[in-house]
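Structure first, commentary second.
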Amino acid sequence: MKKIRRRGRFPAACSKGGTAMKTLMLGNEAVARGLYEAGCALVSSYPGTPSTEITECAARFPELYAEWAPNEKVALEAAFGAALHGQRSFCGMKHVGLNVAADPLFTLSYTGVNAGLVIGVADDAAMHSSQNEQDSRHYAMAAKVPMLEPADSAEALAFTKLAYEISERFDTPVLLKMCTRVSHAQSIVETGERVLPAPRPYEKNPAKYIMMPGNAKKRHPLVEERLAALSLYAETTGVNRVEPGRDTSLGIITASTSYQYVKEACGDRFPVLKLGMAYPMPRQRILDFAASVERLVVVEELDGFIEAHCKALGLSVAGKSLFPPVGELSQRMVAEKLGLPLPESAALSEPIPLRPPVMCAGCPHRGLFYTLKQQGLTVIGDIGCYTLGAMPPLGAIDAVVCMGASVSGLHGFLKAGGDPKKTVAVIGDSTFIHSGVTGLINIAYNDSCGTVIILDNSITGMTGHQQNPTTGFNLRGDPAARVDLEALCRAVGIRRVRVVDPYDLAACAAAVKEELAAEEASVIIARRPCALLKHVRHQPPLSVAQDRCRSCKRCMQLGCPAISMAENGAKIDETLCTGCGLCAQLCSFGALDGGKEAKRA
């Protein structure tokens with residue numbers, strides 16, 4: 001089998017060791033470099049924007065074993081297994097992935113670790129690519145584990161290495177909190193050499209690692225003692241630092257990207273307490289800083305996490321009364337809220353036009369969603385690029401909650417009285433493996449008469465084409481075991497399983513009608529590779545026979561970005577068109593594809 005390993009996406013420093021050098025790196029690349037330099041041995045993650053590149057870049061180091069796991073829970077458990085054996089490990093995910101991994105996380109707080117275990121979580125304020133904008137700092141407090149929060153790429157590398165030291169010193173997993181602006185912004189990083197830690201052999205210790213109630217009760221007091229020790233550590237660690245200012249009428253406490261906005265808006269005018277340890281936070285250092293200024297303001301994105309800590313210390317502080325608890329901050333907003341002149345760098349000469357998301361030209365999901373819309377079905381959707389089926393003109397999705405929820409939601413919808421002849425669930429191949437298969441088991445086990453449509457585009461598309469257990473390749477592009485979706489669906493108890501080409505509108509319509517009419521649960525696998533995969537060969541772009549076009553705009557119902565309407569009728573952008581032929585199948589006048597019979601891929 002041919003390898004499909006991707007190269008050239010990251011600087012050489014992301015895949016080579018050697019002496020120190022300075023280079024520009026994305027925050028995620030810097031974390032990967034930190035894993036390498038810290039002597040990490042295993043990386044297990046599930047892709048999720050904005051965290052994905054950490055693991056992709058880590059895979060370029062031959063000294064690190066890196067993998068995509070089926071979901072975040074499995075990834076964290078694998079990372080724990082490596083740490084238990086005595087090897088430093090890492091698990092990466094986006095913020096909502098931490099919800100999936102929360103089960104092992106809370107118990108790992110009790111067991112502690114053998115070798116260092118670092119958990120990278122990337123938040124997505126403003127929801128650039130997410131269904132919510134939860135604040136992951138609350139997980140650190142709830143699980144009672146330390147969290148570090150870098151503000152740029154240099155800190156991302158340094159904090160990653162420090163996280164392993166903290167993990168092993170305090171016998172705890174450590175959360176490393178990234179966010180979109182730190183993960184995907186470049187800044188200068190000075191790299192170092194890889195240093196392997198001293199061996200930490202595995203020793204059997206049932207009282208520490210077997211979390212049955214009798215042992216867990218004895219571990220909880222140790223967690224509280226560790227938290228107290230970490231609080232003292234927060235008082236002296238260099239990741240929490242005070243930067244003096246010329247004007248002590250105002251003092252600012254901040255962290256992460258908010259620190260960058262504060263410095264751009266204020267320069268060195270006001271004193272700043274920059275917190276690199278998001279949890280636990282220092283007590284005395286904050287009290288001393290507050291005593292040195294006349295007025296105290298906390299600048300932080302999303303929840304008032306730092307602000308609540310300050311108020312618990314009895315301080316008078318402004319935070320969310322000035323800055324919103326939703327979306328991202330900016331240097332412009334910081335300057336405005338603090339009554340400062342707007343920096344020139346924050347001013348834009350022209351407004352940035354909105355770019356609504358749309359499925360790509362040639363997307364294999366488009367034909368299936370057109371079919372569902374035409375049949376007037378209720379569609380329970382899921383997380384993936386196919387969520388864009390909710391956008392007009394298709395508008396073919398009714399609900400989207402979280403990974404795997406479409407299948408489980410369909411079951412509940414039908415059991416509550418929904419019409420099984422008018423309702424389907426849609427889910428991608430990677431998401432189905434992540435957490436959809438358990439919902440399908442529930443459908444079979446509890447006898448739902450529902451139809452689940454697996455949109456199999458042969459890749460994890462929404463995060464940039466990562467392999468998954470259905471593709472036949474691993475993270476490094478090497479051949480791997482491949483899950484047979486048809487066999488898996490039958491194995492869990494679904495007897496009606498069929499495959500359809502989503503480029504064939506007639507076949508899609510027939511398949512959906514037939515399965516909805518069946519008196520038992522069924523699965524339709526709409527299989528066609530993502531149009532953006534490099535190995536996918538497309539047909540020549542279609543053209544329009546203007547003498548036949550009647551400007552009926554039926555082709556526009558597909559929402560394909562390659563089609564637009566001009567004064568003399570439909571127009572096809574040949575630079576976008578992949579020749580999928582969907583629009584030609586809709587044209588009643590034979591105007592598309594130059595008036596010739598539609599080509600089929």
Side-chain angles (χ1 to χ4, degrees), residues 354-381 384-400 422-426 428 451 453 455 457 461 500-513 516 524 526 528 530-532 538-539 541-601:
L354 296 176
R355 293 196 306 166
V358 62
M359 285 189 287
C360 305
C363 176
H365 306 324
R366 180 172 281 108
L368 193 284
F369 279 122
Y370 175 82
T371 298
L372 301 180
K373 175 67 177 296
Q374 290 301 111
Q375 296 190 17
L377 302 180
T378 297
V379 180
I380 312 298
C385 51
Y386 48 89
T387 307
L388 294 172
M391 302 295 290
L394 293 172
I397 294 181
D398 292 75
V400 174
K422 300 291 291 183
T423 312
V424 299
V426 295
T451 298
I453 303 175
L455 304 171
N457 64 353
V500 66
D501 182 356
Y503 277 3
D504 189 333
L505 291 179
C508 284
V512 172
K513 288 180 180 178
L516 286 175
I524 300 172
R528 167 76 61 161
C530 173
L532 299 185
H538 300 297
Q539 296 288 344
L542 274 63
S543 60
V544 180
Q546 297 298 343
D547 60 327
R548 297 191 182 186
C549 180
R550 301 294 184 267
S551 297
C552 69
K553 300 183 181 180
R554 190 179 178 196
C555 58
M556 298 294 290
Q557 295 176 18
L558 291 167
C560 177
I563 308 174
S564 60
M565 294 301 296
E567 291 183 2
N568 59 341
K571 179 181 178 181
I572 291 180
D573 186 338
E574 293 186 356
T575 64
L576 294 177
C577 180
T578 65
C580 72
L582 287 177
C583 57
Q585 295 174 58
L586 293 183
C587 185
S588 301
F589 307 101
L592 292 164
D593 202 18
K596 296 177 292 184
E597 183 181 353
K599 294 178 181 178
R600 292 289 174 84

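Only a predicted model underlies this, so the values are computations on that prediction, with no experimental measurement involved.
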Output the distance between atom [atom1] ([X]) and atom [atom2] ([Y]), rounded to the nearest 0.5 Å.
X: Arg528; Y: Leu368; atom1: CZ; atom2: CG; value: 13.0 Å
X: Cys560; Y: Leu394; atom1: SG; atom2: CG; value: 10.5 Å
X: Leu377; Y: Ile397; atom1: CG; atom2: CD1; value: 12.5 Å
X: Cys363; Y: Leu388; atom1: SG; atom2: CG; value: 8.0 Å
X: Thr371; Y: Lys513; atom1: OG1; atom2: NZ; value: 9.5 Å
X: Leu372; Y: Thr423; atom1: CG; atom2: OG1; value: 11.0 Å

Smallest separation among heavy atoms of [X] and [Y], with atom names:
X: Met359; Y: Arg366; result: O-NH2, 2.7 Å
X: Ala562; Y: Leu576; result: CB-CB, 3.8 Å
X: Ala511; Y: Ile524; result: O-CD1, 3.7 Å
X: Ala531; Y: Ala361; result: CB-O, 3.9 Å
X: Ile453; Y: Ala526; result: CG2-CB, 4.5 Å
X: Val424; Y: Leu516; result: CG1-CD2, 3.7 Å

Check whether [X] reaches the backbone of [Y] with its side chain - one donor and one acceptor, N or O, closer than 3.5 Å.
X: Glu574; Y: Ser543; result: no
X: Arg554; Y: Ser551; result: no
X: Asp593; Y: Leu542; result: no
X: Lys553; Y: Met565; result: no
X: Gln375; Y: Ala509; result: yes

### Message
Test: side-chain hydrogen bond (donor to acceptor under 3.5 Å, both in side chains). Region: residues 555-569. Which pairs qualify, not counting sequence neighbours?
### Response
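side-chain hydrogen bond (donor to acceptor under 3.5 Å, both in side chains) check on residues 555-569 returns no pairs.
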Would you say that [X] contacts [Y] through its side chain, given a criterion of any heavy-atom pair below 4.5 Å between the two side chains?
X: Val544; Y: Lys571; value: no
X: Leu586; Y: Leu592; value: no
X: Val426; Y: Phe369; value: yes
X: Tyr370; Y: Leu582; value: no
X: Val358; Y: Met391; value: no
X: Tyr386; Y: Val400; value: no

